[in-house]
Amino acid sequence: RPSVMNAFELISTSQGLNLGTLFEK
Amino acid sequence: MGCASSRQFGARAAGHVEPEVLASDTSFTVNEVEALYELYKRMSFSIIKDGLIHKEEFQLALFRNSKKANLFADRVFDLFDLKRTGVIDFEEFVRSLSVFHPKAPTSEKTAFAFKLYDLRGTGYIEKEELRELVLALLDESDLRLSDSTVEAIVDNTFSQADSNGDGKIDPEEWEEFVKKNPAALRNMSLPYLQDITMAFPSFITRSEAKD
């Protein structure tokens, strides 16, 4: 059920929050 | 400014602080700080060649696109800009990225994420802010959810986190929430930072030669 999705977990998948891309050449 | 590493480093680095000082204040080793300088140089000379990271340069490194406006990237940039100058210097870069080191204390990651989500800087995460964050995430992804589903997700998560039910999430409630939901902090640890000396080995070669 979508309502059990955790909003903060969802947000943490944001591209803008995933700084790992800074290290990809 | 006596040692070889500060000559190699200091004068060129805006916001320069000795790598040894940065290493002792953060989760990085001296070698890791030096390797980070390679990344910093690349970012800070990518568009505006002044040795400082401007928002467009940050966006370019994150999205391969300097014009891509994004709420999350804006928030991260603003939090990295510790001196509130509108740009990120090397000291700010290292001190802020340190929070993302796998070895950094969870308390630092928890506090950083709280500030990130406290959009209006009131000291609380409010439901409207959580809604705004979810909508921004949906906007940047291909995920499409109905308004009622978004409300259900926001309401459900908010009520889990707002344990005293006063309509806002305070830092203590946030700490409890992330203890129970560690996946909410997943993006706050970057394995790359532990391997940074491997990603930018050129500096290390020079450091070893120097020793």
Side-chain angles (χ1 to χ4, degrees), chain A, chain B residues 39 42-43 58-59 61-64 68-77 96-97 100 113 116-117 125 130-131 133-134 136-138 140-141 143 145-146 148-158 160-161 174 177-178 181-188 190-193 195-196 199-200:
Chain A
R1 277 165 19 102
S3 64
V4 299
M5 225 188 251
N6 181 315
F8 287 110
E9 257 185 72
L10 194 63
I11 292 163
S12 76
T13 65
S14 159
Q15 212 190 334
L17 290 184
N18 284 279
L19 302 189
T21 45
L22 298 181
F23 303 91
E24 289 162 10
K25 293 190 182 177
Chain B
L39 171 63
R42 197 170 72 193
M43 288 175 70
F58 191 71
Q59 288 167 348
L62 263 186
F63 305 119
R64 311 278 179 266
K68 181 166 172 161
N70 178 289
L71 172 68
F72 300 102
D74 275 1
R75 291 295 298 158
V76 174
F77 185 89
S96 302
L97 267 183
F100 293 81
L116 203 55
Y117 300 150
I125 302 172
L130 182 57
R131 185 180 294 115
L133 290 162
V134 171
L137 183 271
L138 294 177
E140 75 163 38
S141 67
L143 205 53
L145 297 177
S146 68
S148 61
T149 305
V150 170
E151 285 315 301
I153 293 170
V154 169
D155 284 349
N156 182 40
T157 305
F158 200 84
Q160 280 177 48
W174 174 246
F177 179 80
V178 296
N181 301 275
L185 289 185
R186 205 161 29 203
N187 62 311
M188 294 299 305
L190 298 173
Y192 298 87
L193 291 175
D195 303 330
I196 186 84
F200 297 95

Please classify the contact of F158(B) with chain A as side chain, backbone, both or neither, using a heavy-atom distance under 4.5 Å. neither

Between L71(B) and chain A, which part of the residue has a heavy atom less than 4.5 Å away: side chain, backbone, both or neither? neither

State which residues pass side-chain contact (heavy atoms from CB on, under 4.5 Å) with Q59(B); sequence neighbours excluded, sorted by chain then number. K55(B), F63(B), D74(B)

Quick one: does T13(A)'s side chain have a donor or acceptor within less than 3.5 Å of a partner on L10(A)'s backbone? yes

Is it the side chain or the backbone of M43(B) that comes within 4.5 Å of chain A heavy atoms, both, or neither? side chain

Cut-off 4.5 Å, heavy atoms of chain A, and the answer for V134(B) is both

Can you tell which part of L62(B) gets under 4.5 Å to a heavy atom of chain A, answering side chain, backbone, both or neither? both

With A69(B), which residues qualify under side-chain contact (heavy atoms from CB on, under 4.5 Å), at least two apart? none

Heavy atoms only, distances under 4.5 angstrom: which of E140(B), M188(B), R186(B) has the most pairs with chain A? Name it, please. E140(B)

Pair count under 4.5 Å, heavy atoms only, with chain A: among F58(B), F77(B), W174(B), highest is W174(B)

Could you verify whether a donor N or O on one side chain and an acceptor N or O on the other, from T21(A) and Q15(A), lie under 3.5 Å apart? no

Chain A heavy atoms under 4.5 Å from L185(B): which part of the residue, side chain, backbone, both or neither? neither

Measure from the side-chain N and O atoms of N70(B) to the backbone N and O of F72(B), and report whether any donor-acceptor pair falls under 3.5 Å. yes

N6(A) side chain to E9(A) main-chain N or O, any donor-acceptor pair under 3.5 Å? yes

Between L133(B) and chain A, with a heavy-atom cut-off of 4.5 Å, which part of the residue counts as in contact: side chain, backbone, both or neither? both

Quick one: are I153(B) and L145(B) in side-chain contact, heavy atoms under 4.5 Å? yes

